[in-house]
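Inspection log for the structure reproduced underneath, given as C-alpha cells.
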Amino acid sequence: MITIFFLYGLAFFSLGVAITVYPRKDSAFRLADKLWLIAGFGIVHGVHEWIEMFILMNKPAEAGLLDLFSIVSLVISFLFLIYFGTIIISEKKKIGSVFKALPFILFIGWAALAIINSRQLLLMSICARYLMGAPGVFLAAYALYLQIPELKKENLSTITANLKIAIGVLLCYGLFAALIVPKADFFPASVLNYPAFLRITGIPIQIFRSICAIIFAYTIIRVLNMFELEKKAKIKKLTEMKDSLTQMIVHDLNGPLLGVSANLQLLDMELSQQFSSEQRKEFNSAMVATGEMKQMISNILDISKMEEDKLNLIKEKIVLNSLFKEAIDVMAAAAQVENKKLSFSISTDMPLLFIDKEIIRRVILNLIGNALKFAPENSEVCLSAVYSPKDKQAVVGVKDEGEGIPKDYLGRVFEKFVQVESSKQKRHGKGLGLTFCKMAVEAHGGRIWIESELGKGSTFFFTIPIE
C-alpha cells in the first residue's frame with residue numbers, strides 16, 4: 001500500500017508541476033490563466049497522499065500532527081478545485097457573485113461541522129470529502145466540459161478527445177475519492193465506505209484512486225499541448241503575414257525604383273557630356289543611392305526566402321577573378337563619389353568555384369558597400385581571395401581602413417536590423433546587408449566572420465568550400 005500511496009501522490013504532484021512550468025503566456029484560450037488552480041490542486045493533493053503514506057508507515061495510532069496536516073492539505077486541495085470550477089462556470093454562464101462565494105460557504109460549513117463534533121479528525125476528513133471534494137470534482141469537471149466548444153472551434157480534435165477522457169476520469173475520481181469515505185456510524189458513510197468497497201470488489205479503494213489520478217494527470221498534460229499548437233498556429237499566421245508584406249513591399253518599391261533607374265540611365269546617355277564636375281558627382285550619388293535601394297529590396301526578398309529554406313541556389317563553375325572585376329566595376333561609381341580606391345588580389349592557385357554566381361556576387365557587393373561606408377576619404381578598400389588546399393576552401397576578405405567596429409557589436413553585426421554606431425557617423429547601413437551575406441554564405445556551406453580593431457579598420461572574411 002505504501003507504493004500505491006506514493007504513485008498516487010506522484011501522479012497528482014507531477015500534474016501540478018507540469019502545469020506550472022508549461023509555457024502558456026499570452027494564450028487566447030480562457031483556460032490558460034485558470035490552470036494554476038488545477039496545478040495547486042495537484043501539488044497539494046499529491047502532498048496529502050504522501051502524508052497519508054507516512055501515517056501508514058508510522059502506524060495510524062502514532063501519527064500525531066501528521067493527521068492534522070493530512071486533513072488541512074486535503075481541504076486546501078479541494079478548495080482549489082471548487083474555486084477553479086466556480087470561477088470558470090460563473091464567467092461562462094454569467095452567474096452572480098453568490099455562486100463565486102461558494103468555496104467560502106462550503107469551507108465555513110465544513111469548519112462548523114468539524115468543530116461541533118467530538119470525533120473531530122474522522123468527521124473533518126469525511127466532511128471534507130462530502131462538502132468540498134464532491135462539489136469540487138463535479139464543478140471542475142463541468143468547467144472543463146465548457147472548454148470543449150472552444151477547442152472544437154480551433155479544430156483541435158486530439159486535444160478535445162483527451163479533455164473528454166480527463167473529464168470522465170475526474171468524474172470517476174469524484175466517486176472513489178469524494179463519495180467513498182472512511183467508515184462512520186452515519187449515512188452515507190455507514191454504507192459507502194472503504195471496508196464495504198473492499199468487500200465488494202476485493203481491491204482497496206486507493207488502487208482505483210491511483211489509476212484515476214494517473215490517467216487524469218496523463219490526459220491533462222496531453223491537453224496542455226493545445227498551447228504549443230496555438231503557438232505554432234500564431235507563428236504560421238505571422239509568417240504568412242510577413243511573406244505577404246514582403247511581397248507587397250518588393251512589388252510596390254520595385255516599380256517606381258525601376259522608373260527612376262531607367263530615367264537616370266537615359267539622362268546619363270543624353271546629357272552626360274553637358275554635366276559639370278559637381279553635377280557629375282551629384283548624378284553619381286543618385287545612381288549609387290538607386291543601386292543601394294535595389295540591393296536592399298533584393299536583400300529583403302532573399303532573406304525571407306532563406307529563412308524559410310525556399311531559396312534555390314543555381315550553381316555553376318565560376319572564375320573568381322572575373323567575379324571580382326565585375327563587382328569592382330559595379331562599385332566604382334560609389335567609390336568615386338568619396339574619392340576612395342578599390343583593389344583586389346587573388347592567389348594564382350585559386351580553382352574554379354561551384355557557386356550561385358548572382359548570390360555570391362551580391363555578397364561581395366554588400367561587403368564592398370559596407371566597407372566603403374566605413375572607409376575614410378582617400379582610403380582604399382581591398383578585396384582578396386586565397387585558396388586553402390588543407391581546408392579545401394576559398395577564403396575571401398574585404399578590408400577597409402575605417403575606425404574599426406566596437407567589441408560590443410562584433411558578435412551582432414550579422415543580426416537583422418543591427419546598425420553599427422560610430423563617432424563620425426551615427427549609423428551605418430540598414431541592418432540587412434550583412435544578414436543576407438551570412439545566410440547566403442551559410443547556404444553555400446561556408447562561414448563568415450569579422451576581424452576588427454578600433455582605429456585600424458575591419459576585415460570581413462567568408463569561406464566557400466571547393467567542390
Side-chain angles (χ1 to χ4, degrees), residues 1-17 20 36-85 101-137 139-140 173-174 176-190 192-198 204-210 212-213:
M1 286 302 295
I2 290 175
T3 303
I4 296 299
F5 275 109
F6 176 76
L7 293 175
Y8 184 9
L10 182 63
F12 275 128
F13 191 85
S14 300
L15 170 65
V17 171
T20 302
W36 68 271
L37 293 164
I38 295 291
F41 162 73
I43 292 172
V44 178
H45 205 75
V47 170
H48 163 74
E49 296 306 325
W50 286 336
I51 293 173
E52 289 287 303
M53 178 183 70
F54 283 118
I55 291 174
L56 191 62
M57 292 167 63
N58 293 312
K59 298 179 182 180
E62 301 173 4
L65 285 176
L66 286 177
D67 283 318
L68 182 59
F69 289 147
S70 174
I71 292 171
V72 170
S73 59
L74 181 69
V75 170
I76 293 173
S77 69
F78 286 145
L79 280 173
F80 273 114
L81 272 189
I82 296 171
Y83 187 59
F84 172 78
L102 186 60
F104 179 75
I105 294 170
L106 292 174
F107 176 76
I108 294 297
W110 167 80
L113 286 174
I115 290 171
I116 63 175
N117 196 281
S118 57
R119 297 168 297 174
Q120 288 183 357
L121 290 179
L122 177 61
L123 188 65
M124 286 167 72
S125 176
I126 294 174
C127 288
R129 296 183 183 277
Y130 284 161
L131 287 178
M132 286 181 286
V137 167
L139 286 171
Y173 180 76
F176 295 130
L179 298 180
I180 299 176
V181 298
K183 187 176 181 180
D185 56 3
F186 56 87
F187 184 81
S190 58
L192 295 174
N193 52 57
Y194 296 172
F197 186 86
L198 180 62
I205 187 67
Q206 285 80 8
I207 293 179
F208 284 90
R209 290 178 179 175
S210 300
C212 289

| note | Residue set satisfying ring pair (Phe, Tyr, Trp, His ring centres under 6.0 Å) with Phe80, at least two apart, ordered chain then number -> none

| task | Verify side chain to side chain contact (heavy atoms under 4.5 Å, CB included) between Val137 and Phe41, making sure each step is shown before the conclusion. | result | CA-CA 11 Å; Val137 167; Phe41 162 73; over 6 Å; no

| said: Checking Thr20 now: which residues fulfil side-chain contact (heavy atoms from CB on, under 4.5 Å) with it, not counting sequence neighbours? | reply: Ala39, Ile43

| query | Between atom CD1 of Ile126 and atom CH2 of Trp110, what is the distance when rounded to the nearest 0.5 Å? | reply | 13.0 Å

| message | Test of understanding: with side-chain contact (heavy atoms from CB on, under 4.5 Å), list the residues that count as partners of Ala134, not counting sequence neighbours. | response | Phe138, Ala178, Leu179

| field | ring pair (Phe, Tyr, Trp, His ring centres under 6.0 Å) against Phe84, all qualifying residues, sequence neighbours excluded | value | none

| note | By side-chain contact (heavy atoms from CB on, under 4.5 Å), Leu106 pairs with (sequence neighbours left out) Ile82, Leu102, Met132, Pro135

| query | If every non-hydrogen atom of Ser77 is compared with every non-hydrogen atom of Leu74, which pair is closest and at what distance? | reply | OG-O, 2.7 Å

| remark: Smallest heavy-atom separation, Pro103 atom then Leu79 atom, equals O-CD2, 3.8 Å

| query | Does Phe208 have any ring pair (Phe, Tyr, Trp, His ring centres under 6.0 Å) partners at least two apart in sequence or in another chain, and if so, which? | reply | Phe176, Phe197

| task | Assess whether atom OH of Tyr173 is packed by more than 12 heavy atoms of other residues, nucleotides or ligands within 6.0 Å. | result | yes

| task | Report yes if some heavy atom in the side chain of Ile55 is under 4.5 Å from a heavy atom in the side chain of Phe69; otherwise report no. | result | no

| remark: Shortest non-hydrogen pair, Leu131 vs Gly109, comes out as CD1-C, 3.8 Å

| request: Find the distance between CE (Met57) and CG (Leu66) and round it off to the nearest 0.5 Å. | output: 10.5 Å

| said: Taking side chain to side chain donor-acceptor pair (under 3.5 Å) as the definition, give me every residue that meets it alongside Tyr130, ordered by chain and number, with sequence neighbours left out. | reply: none

Give the table of side-chain donor-acceptor pairs shorter than 3.5 Å for residues 46-54, with sequence neighbours excluded, one pair per line with atom names and distance.
unit_1 : atom_1 : unit_2 : atom_2 : d
His48  : ND1    : Ser70  : O      : 2.8
His48  : ND1    : Ser70  : OG     : 3.2
His48  : ND1    : Ser73  : OG     : 3.4
Trp50  : NE1    : Phe6   : O      : 3.1
Glu52  : OE2    : Ser70  : OG     : 2.5

| remark: Sequence neighbours excluded, the answer for side chain to side chain donor-acceptor pair (under 3.5 Å) partners of Ser210 is none

| query | What residues, two or more places apart in sequence or in another chain, satisfy side-chain contact (heavy atoms from CB on, under 4.5 Å) together with Ile207? | reply | Ile4, Ile203, Pro204, Ile211

| message | Using 0.5 Å steps for rounding, measure from the OH atom of Tyr8 to the CZ atom of Arg209. | response | 5.0 Å

| task | Please report the shortest heavy-atom distance between Pro182 and Asn193, naming the atom on each side. | result | C-CB, 4.1 Å

